[in-house]
Amino acid sequence: QVQLVESGGDSVQAGGSLRLSCVGSGYTFDTYSMAWFRQAPGKEREPVAGIDSAGSTSYADIGKGRFTISQAGAKSTIYLQMNSLKPEDTAMYYCAALEGYTSDQLGSYNYNYWGRGTQVTVSS
């Protein structure tokens with residue numbers, strides 16, 4: 001059974017950094033696509049960054065230049081390094097995955113599997 005588990009969320013002061021992790025299990029990481037999304041209370045879910053097993057990455061404007069998505073060599077774990085955090089980055093951050101590749105790594109409709117999320121809170 002496919003499972004995605006996020007971790008690394010915390011409360012941090014503006015300007016600080018956090019590194020989120022997403023560990024997948026229950027499926028074979030041969031060809032895949034994974035991504036980070038976030039959602040604040042009362043707001044729409046929005047994409048943050050995506051990556052696939054070929055190493056291609058995509059970034060939304062909100063995190064471009066501040067956030068970096070990467071994967072472990074085992075291809076079962078991805079990370080989101082977040083620097084220069086702002087109060088508007090406060091949200092629940094979710095990991096998502098699908099089998100194979102997609103031409104739209106930042107489209108939530110592409111993803112079949114989702115984690116429960118990890119909370120990030122940035123204070124000013």
Side-chain angles (χ1 to χ4, degrees):
Q1 182 171 335
V2 175
Q3 290 189 77
L4 300 174
V5 180
E6 305 95 333
S7 63
D10 205 352
S11 296
V12 65
Q13 198 79 6
S17 299
L18 286 173
R19 190 191 192 199
L20 307 184
S21 299
C22 174
V23 179
S25 63
Y27 61 98
T28 301
F29 286 85
D30 187 11
T31 58
Y32 68 88
S33 298
M34 299 181 73
W36 290 98
F37 295 83
R38 72 185 190 186
Q39 186 170 25
K43 298 182 179 180
E44 297 293 326
R45 181 166 54 193
E46 60 183 352
V48 178
I51 192 168
D52 63 32
S53 52
S56 297
T57 59
S58 300
Y59 290 92
D61 289 341
I62 54 173
K64 193 173 298 182
R66 299 187 297 125
F67 298 174
T68 302
I69 190 169
S70 62
Q71 61 190 358
K75 297 183 179 180
S76 60
T77 302
I78 64 168
Y79 306 99
L80 183 68
Q81 178 67 46
M82 303 187 293
N83 299 324
S84 302
L85 285 163
K86 307 173 182 179
E88 50 263 47
D89 294 320
T90 296
M92 185 73 75
Y93 284 70
Y94 297 94
C95 177
L98 61 84
E99 298 288 339
Y101 301 128
T102 177
S103 61
D104 184 11
Q105 292 183 328
L106 303 181
S108 62
Y109 57 88
N110 289 301
Y111 295 92
N112 300 318
Y113 308 107
W114 293 82
R116 293 181 180 272
T118 185
Q119 179 67 42
V120 172
T121 302
V122 184
S123 59
S124 60

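Computed from heavy atoms alone, side chains included, the values below leave out hydrogens, waters and symmetry copies. Just so we're clear, the structure is a prediction, and the values are computed from it rather than from any experiment. For this chain, numbers begin at 1 and follow the sequence in order.
With respect to the salt-bridge test (charged N to carboxylate O, under 4.0 angstrom), the residues Lys64 and Asp61 qualify.
By the 30° and 60° cut-offs, the orientation of the rings of Trp114 relative to Tyr94 is perpendicular.
Side chains of Ser33 and Tyr111: a donor-acceptor N/O pair is absent below 3.5 angstrom, by distance only. With no hydrogens or angles considered, a side-chain donor-acceptor pair links Gln105 and Asp52 at under 3.5 Å.
Under a hydrophobic-cluster definition in which Ile, Leu, Val, Met, Phe, Trp and Tyr are linked whenever side-chain heavy atoms come within less than 4.5 Å, directly or via other members, Leu80 and Ile62 are assigned to the same cluster. Under a hydrophobic-cluster definition in which Ile, Leu, Val, Met, Phe, Trp and Tyr are linked whenever side-chain heavy atoms come within less than 4.5 Å, directly or via other members, Ile51 and Val2 are assigned to the same cluster. Residues Tyr113 and Tyr93 are members of one and the same hydrophobic cluster, defined by side-chain heavy-atom contacts under 4.5 angstrom among Ile, Leu, Val, Met, Phe, Trp and Tyr.
Between Pro87 and Ser124, the closest heavy-atom pair is CG-CB, 3.8 Å. Taking every heavy atom of both residues into account, Gln39 and Lys43 meet most closely at NE2-O, 3.0 Å. Of all non-hydrogen atoms in Met92 and Gly117, the two that sit nearest each other are SD-C, 3.7 Å. For Met34 against Leu4, the heavy-atom pair with the smallest separation is CE-CD2, 4.1 Å. Scanning both residues, Ile78 and Ala35, for their nearest heavy atoms gives CD1-N, 4.4 Å. Nearest heavy-atom pair across Gly107 and Phe37 is C-CZ, 4.1 Å.
Distance check: Asp10 CG to Thr121 OG1 gives 8.5 Å after rounding to the nearest 0.5 Å. A distance of 11.0 Å separates CG of Leu98 from OH of Tyr109, quoted to the nearest 0.5 Å. Taking OG of Ser17 as the reference point, atom CZ of Phe67 lies at 9.5 Å (rounded to 0.5 Å).
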Quiz item: Does the side chain to side chain contact (heavy atoms under 4.5 Å, CB included) test come out yes or no for Val120 and Leu20, once each step is laid out?
Solution: CA-CA 9 Å; Val120 172; Leu20 307 184; 4.1 Å; yes
Quiz prompt | Worked verdict on Met82 versus Arg66 for side chain to side chain contact (heavy atoms under 4.5 Å, CB included) | solution = CA-CA 6 Å; Met82 303 187 293; Arg66 299 187 297 125; over 6 Å; no
Practice problem: May I have the step-by-step check of salt bridge (charged side-chain N to carboxylate O under 4.0 Å, His left out) for Glu6 and Arg116, ending in yes or no? | Solution: CA-CA 7 Å; Glu6 305 95 333; Arg116 293 181 180 272; over 6 Å; no
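At least one donor-acceptor pair under 3.5 Å links the side chain of Thr90 to the backbone N or O of Val122. Side-chain atoms of Asn110 come within 3.5 Å of backbone atoms of Asp104 as a donor-acceptor pair (strictly under, hydrogens ignored). The backbone N or O of Tyr32 lies less than 3.5 Å from a partner atom in the side chain of Ser53, making a donor-acceptor pair. Put simply, the side chain of Tyr59 gets close to the backbone of Ile69: a donor and an acceptor are under 3.5 Å apart.
The neighbour count for Glu44 CD, taken as heavy atoms of other residues, nucleotides or ligands under 6.0 Å away, does not exceed 12.
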